[in-house]
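The block underneath contains the structure these notes are about, expressed in structure tokens.
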Amino acid sequence: MRVRFPCASVVRPLGAAVLSRPAMKSGSRRIVEVLGGQVEVGAEVVIEGWVRTRRDSKAGLSFVHVHDGSCFAPLQVVAPGALANYEAEVLRLTSGCSVRVRGVVVESQGKGQALEVEARALEVLGWVEDPDTYPMPQKRHSMEHLRTYAHLRPRTNLIGAITRVRHTLAQAVHRFFDARGFYWIHTPIVTTSDAEGAGEMFRVSTLDLANLPRTPEGAIDFTQDFFGREAFLTVSGQLNVEAYCLAMSRVYTFGPTFRAENSHTRRHLAEFWMIEPELAFAALDDDVALAVDFLKSIFGALLEERADDLGFFASHVDTAEPRCIERLERLVRADFERMSYGDAIAHLEKAATKFEFPVRWGVDLQSEHERWLTEEVVRGPVVVTDYPREIKAFYMRQNEDGRTVAAMDVLAPGIGEIIGGSQREERLDVLDARIREMGLDPSHYGWYRDLRRYGTVPHAGFGLGFERAIQYATGVDNIRDVIPFPRAAGQAEF
RNA sequence: UCCGGGAUAGCUCAGUGGUAGAGCGAUCGGCUGUUAACCGAUUGGUCGCAGGUUCAAAUCCUGCUCCCGGAGCCA
């Protein structure tokens with residue numbers, strides 16, 4: 001995918017954010033305030049930002065487009081030749097220079113912007129030392145190139161837009177839960193539980209790798225390690241948040257999560273952010289309803305608050321049909337399709353396509369199957385429920401049929417599983433039997449079993465990969481481009 | 001981890017054994033209330049690294065490193 005780097009010529013509708021003036025600055029305004037009409041025409045303002053483009057007119061003035069991150073559109077600064085430093089500095093401005101501009105807000109004589117700032121003074125705060133090798137000049141860049149300059153890529157239209165979308169979605173997540181009485185639980189990053197069972201874990205240790213302490217039997221002696229036992233980075237906050245759920249009733253986590261899988265795909269990171277609500281006195285249907293309500297709410301907020309950035313994704317980035325704005329609008333309005341795993345298998349068995357992995361009841365859905373369901377059968381997101389117990393985690397609640405569990409996945413076109421959740425097994429005897437059945441030892445699940453021993457209640461929850469939600473919302477192909485500094489197998493620069 | 005593709009100018013790429021190319025960028029000039037600006041000129045290379053074959057290697061062979069896509073794992 002190629003993305004055009006230079007500023008778009010069309011001013012998009014601005015976000016709804018109303019910015020208050022920062023207390024520590026005198027008269028300095030963010031560009032979104034000026035372009036959003038929050039500053040009167042004729043008023044003097046100070047603008048601080050980075051030059052994106054400069055065009056000179058031999059009428060003796062220059063047009064300098066400046067970004068400060070506050071919105072998608074640039075501010076056009078008109079720099080008259082009468083400026084004291086016009087010849088010496090303004091005519092030497094290149095993409096990437098940082099500037100402070102004092103000027104007057106005026107109606108633009110040109111097309112492409114309604115308002116602009118006529119400079120009375122333009123101060124260069126920082127030059128670009130060699131414009132020929134500046135990695136972010138005004139031209140098209142490949143995503144791969146941007147990725148190798150993770151520290152400079154936020155200066156591009158694309159990464160700037162992603163950054164604002166990511167922020168807006170994060171805020172919408174917290175607002176959604178807060179409005180419904182959910183408490184944000186800061187579950188631990190470091191875990192000593194080897195029971196999370198959601199993939200390979202990163203070890204956390206202060207032991208000297210070159211000189212490991214040994215037990216008499218020759219094993220590594222973790223009692224001498226920092227925590228007195230083996231420790232890892234969390235792969236899920238779910239088990240911990242269940243404890244708070246069975247006291248606070250409605251809780252959620254929103255934090256970093258780590259998987260040491262050696263994955264090389266556009267959908268995987270070693271460090272990513274996950275959102276995991278947990279709802280007490282609830283069954284699977286409540287969980288599905290919460291998930292659907294959640295997706296509609298956060299994407300609805302995004303449509304309202306970041307129309308400028310979404311317009312850019314729809315016109316320059318997204319290649320799926322329908323493009324992101326229409327896709328999100330449909331999702332916000334639509335009733336979500338829902339089907340059981342059994343029905344999904346039936347659909348797949350009827351499919352005209354021959355799958356690489358043959359379909360039969362009992363197999364887990366492969367990427368190709370999820371794609372068929374979302375892109376061909378439903379043509380949109382779909383909730384699949386009641387999976388075979390053999391392919392799901394030990395904590396999921398067993399259904400009456402004895403062969404399925406109360407699990408649900410929300411599948412989205414182009415992304416695959418965007419949400420995975422379940423009703424949890426609240427019956428201690430059933431949970432213990434399940435743990436043993438999977439060859440695990442109930443004694444390792446002490447505190448988790450306590451939750452079933454003392455005042456257990458039906459409860460349910462789900463997990464949502466935050467970056468995948470951003471991918472879905474923007475149409476950005478590679479997950480490494482929707483997180484500021486991606487960490488993946490073999491990649492932790494910056 | 002497996003399968004496939006790739007690494008040549010600041011960027012994106014062409015170049016299948018015989019003197020290293022284009023577009024974009026950058027620089028300079030022309031033109032213009034400009035806005036993917038336009039026109040002209042200039043600049044720009046240890047062809048990923050290490051070996052090998054050959055009179056001759058960006059090109060063929062071997063190994064390595066890294067990147068991209070897909071699969072698995074999963075969110």
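Throughout, a chain's letter reflects where its sequence line sits, starting with A, and its residues are numbered from 1.
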Original post:
So what does Asp130(A) hit on the nucleic acid, given a heavy-atom distance under 4.0 Å: a base, only sugar-phosphate, or nothing?
Top reply: nothing
Original post:
P atom, G21(B) versus A36(B): distance in rounded Å?
Top reply: 34 Å
**OP:** Tell which nucleotide pairs with C38(B), taking only Watson-Crick or G-U wobble pairs whose two distances are both under 3.5 angstrom.
**Re:** G30(B)
Original post:
P atom, U43(B) versus G5(B): distance in rounded Å?
Top reply: 39 Å
Subject >> Passing option when His65(A) is tested against Gln76(A), Glu116(A), Arg52(A) for side chain to side chain donor-acceptor pair (under 3.5 Å) >> reply: Gln76(A)
**OP:** With C1' as the reference atom in both, quote the distance from G23(B) to C64(B) in angstrom, rounded to an integer.
**Re:** 33 Å
**OP:** Take atom CD of Gln109(A) and atom P of U34(B), then tell me their distance rounded to the nearest Å.
**Re:** 10 Å
**OP:** For this output row, return yes or no: ring centroids of Tyr445(A) and Phe394(A) closer than 6.0 angstrom.
**Re:** yes
**OP:** Give none if C11(B) has no partner; otherwise give the nucleotide forming a Watson-Crick or G-U wobble pair with it, both distances under 3.5 Å.
**Re:** G23(B)
Original post:
With a non-hydrogen cut-off below 4.0 angstrom, is Ile479(A) in contact with a base, only sugar-phosphate, or nothing?
Top reply: base
Original post:
Roughly how far apart, to the nearest Å, are G25(B) and A37(B) at atom P?
Top reply: 8 Å
Original post:
How many Å lie between CZ on Phe63(A) and C1' on A36(B), as a whole number?
Top reply: 17 Å
Original post:
Which residue pairs pass the ring-ring contact (aromatic ring centres under 6.0 Å, His included) test when at least one of the two sits in residues 474-494 of chain A, sequence neighbours left out?
Top reply: His151(A)-Phe494(A)
**OP:** Please give the nucleotide sitting opposite U1(B) as a Watson-Crick or G-U wobble pair, both distances under 3.5 Å, or none.
**Re:** A71(B)
Original post:
OP1 or OP2 of A37(B) less than 4.0 angstrom from a side-chain nitrogen or oxygen of Gln138(A), does that happen here?
Top reply: yes
Original post:
If we take the P atom in both G44(B) and A57(B), what is their distance in whole Å?
Top reply: 25 Å
Original post:
Do side-chain atoms of Tyr448(A) reach the backbone of Glu242(A) as a donor and acceptor pair under 3.5 angstrom?
Top reply: no
Original post:
Base, sugar-phosphate, or nothing for Glu116(A), non-hydrogen atoms under 4.0 angstrom?
Top reply: base
**OP:** For U16(B) versus C55(B), give the span between their P atoms, rounded off to a whole number of Å.
**Re:** 23 Å
Subject >> Contact state string [nucleotides 68-73 of chain B, B base, S sugar-phosphate only, - no protein heavy atom under 4.0 Å] >> reply: SSBBBB
**OP:** In whole angstrom, give me the gap between the C1' atoms of C60(B) and C47(B).
**Re:** 16 Å
Original post:
What does Ser108(A) touch in the nucleic acid at a heavy-atom separation under 4.0 angstrom: a base, only the sugar-phosphate, or nothing?
Top reply: base
Original post:
Closer to the 5' end of RNA chain B via nearest nucleotide, is it Glu107(A) or Tyr134(A)?
Top reply: Tyr134(A)
Original post:
Taking for each residue the nucleotide of RNA chain B bearing the nearest heavy atom, is the 5' side occupied by Gly463(A) or by Pro131(A)?
Top reply: Pro131(A)
Original post:
At under 4.0 Å between heavy atoms, what does Gly420(A) touch on the DNA or RNA strands: base, sugar-phosphate, or nothing?
Top reply: nothing
Subject >> Aromatic plane relationship, Phe72(A) with Phe312(A) - under 30° parallel, 30 to 60° tilted, over 60° perpendicular >> reply: tilted
**OP:** Name the nucleic acid region contacted by Gly490(A), choosing base, sugar-phosphate or nothing; use a 4.0 angstrom heavy-atom cut-off, strictly under.
**Re:** sugar-phosphate
Subject >> Distance under 6.0 Å and angle within 45° of ring axis: Arg327(A) vs Tyr472(A) >> reply: yes
**OP:** Please determine, for C47(B), whether a Watson-Crick or G-U wobble partner exists with both distances under 3.5 Å, and give it or none.
**Re:** none
Original post:
For the ring pair Phe294(A) and Phe177(A), is the centre-to-centre distance below 6.0 Å?
Top reply: yes
**OP:** Would you kindly give the CG-to-C1' distance between Asp56(A) and C38(B), to the nearest whole Å?
**Re:** 14 Å
Original post:
So Trp184(A) and Tyr252(A), side-chain contact (heavy atoms from CB on, under 4.5 Å) or not? Walk me through it.
Top reply: CA-CA 5 Å; Trp184(A) 182 16; Tyr252(A) 71 105; 3.5 Å; yes
**OP:** Rounded off to whole Å, could you give me the NE2-to-P distance for the His141(A) and G23(B) pair?
**Re:** 19 Å
**OP:** Nearest whole angstrom, please: distance from the P of A37(B) to the CZ of Arg52(A).
**Re:** 12 Å
Original post:
In whole Å, what is the span from the CG atom of Leu115(A) to the P atom of G33(B)?
Top reply: 22 Å
Original post:
Say you pick atom C1' in A9(B) and the same atom in C24(B); how far apart are they, in whole Å?
Top reply: 12 Å
Original post:
So, does Arg487(A) use its side chain to make a donor-acceptor pair with the main chain of Glu493(A) at under 3.5 Å?
Top reply: yes
Original post:
For Arg434(A), what residues pass the salt bridge (charged side-chain N to carboxylate O under 4.0 Å, His left out) criterion, not counting sequence neighbours?
Top reply: Glu437(A)
Subject >> Base paired to C60(B) (Watson-Crick or G-U; both N/O distances under 3.5 angstrom) >> reply: G52(B)
**OP:** Write down the distance between CZ (Arg54(A)) and C1' (A26(B)), rounded to a whole number of angstrom.
**Re:** 12 Å
Original post:
Can you tell me how far P of U27(B) sits from CH2 of Trp127(A), to the nearest Å?
Top reply: 11 Å
Original post:
Base, sugar-phosphate, or nothing: which does Glu417(A) touch, judged by heavy atoms less than 4.0 Å apart?
Top reply: sugar-phosphate
